[in-house]
Amino acid sequence: MSRLLGHEASQKRFADALMAASLHHAWLLYGMKGIGKRSLAEHLAGLAMCATESACGACHACKMLEAGSHPDVFRLALIEGKRDLTVEQIRQVLNFLSLSGAEGGRRVVILDDAERMNGQAANALLKGLEEPSAGSLLLIVCSDLERLPATVRSRCMLQQCVPLHDADVTEVLKQLETPLEQRHLELALALAKGSPGAVTCLQDVKIAEALLGWQSLLSDMSNIDVGKVESWIRQHVKTVPHHLIVQLLVDAVWPVLQESTEGEGEQAFVRRQGIEQALHGCMRWPADVVRHSLRAGPALLACVLELRSALKLVA
Ligand SMILES: [Zn+2]
């Protein structure tokens, strides 16, 4: 079994509850995207099913789990291209949990993308949470806690999952199927902010190179070459993930904003406010494009231009 990186606190809390035989029947693992919550859930399922409760990797249960063939473990996630997790899917989960374990022990469900349950699905799950079957364990994985009904949240053991340390991010990135060359690895590390899942797209050399180009275009924000920016956007806005485009913009402007907090007087205040507003515009851009069906390229260029004028205002 490959070693789980990070999430030590979550593992310990779960292992302690297991040892004390006081395991809650529903754990809600929540935290930002791309930090390995799903892998954590797999690991916790391993702890719960392992013959020695240690995810030893060697016993029969661990081997079946690793092969994805354990009859008492069921995984459910959003089907690609679908909008929601449906009530039918949740009923499958509850039926599975109501049966007794084929191997004579627990039954575990890993429910991923829980924030995508529609209202009916969440209601069905709520019933299951209120009347848990004996020996059932539900591991719920969620990237957006606010989107889960409070009634569901309140019936689970909440476990926050935090971003990984840089050393762990590096380790995860080094284990990628397509290894990153050094400068792409450095860029990925800078962009990840603790979430290796957010930068796995840099395995595509074209995306990594485009992002390096973007970073260098933004290296002097107040003297930015608008023609080059426009042509970069035209070429890459369809292929490079928008959250990474924005991340580099924020990283480029952040030091200027930090410096400008030192200035005093009304002019400095106005400038700071302008930069902050422009930056918020950039950060909203990916969502605004979706929400208002904007054309991504022109909308991004407008954001960059606004940022440039805000930066040019003399403090
Ligand atoms: Zn084992």
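Predicted, not measured: the structure shown is a model, and the values here were computed from it. Counting starts at 1 for both ligands and their atoms, following the listed order.
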Checklist entry - Do Gln182 and Glu186 pass the side chain to side chain donor-acceptor pair (under 3.5 Å) test, and can you show the C-alpha distance, the side-chain angles, and the key distance before you say yes or no? => result CA-CA 6 Å; Gln182 189 58 29; Glu186 281 162 22; 3.1 Å; yes
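Just one of Leu85, Ile110, Val109 meets the side chain to side chain contact (heavy atoms under 4.5 Å, CB included) condition when paired with Val93; it is Val109.
Partners of Asp112 according to the salt bridge (charged side-chain N to carboxylate O under 4.0 Å, His left out) rule, which considers only residues two or more places apart in sequence or in another chain, are Arg38.
In summary, Arg116 and Asp113 do not engage in a salt bridge, as defined by a charged side-chain N under 4.0 Å from a carboxylate O. Checked for salt-bridge contact, Arg183 and Glu209 meet the test: a charged N lies under 4.0 Å from a carboxylate O.
Judged by the 6.0 Å and 45° rule, Arg107 forms a cation-pi pair with Phe96.
The count of protein N, O or S atoms under 2.8 Å from the Zn ion (ligand 1) stands at 4, with waters excluded from the count.
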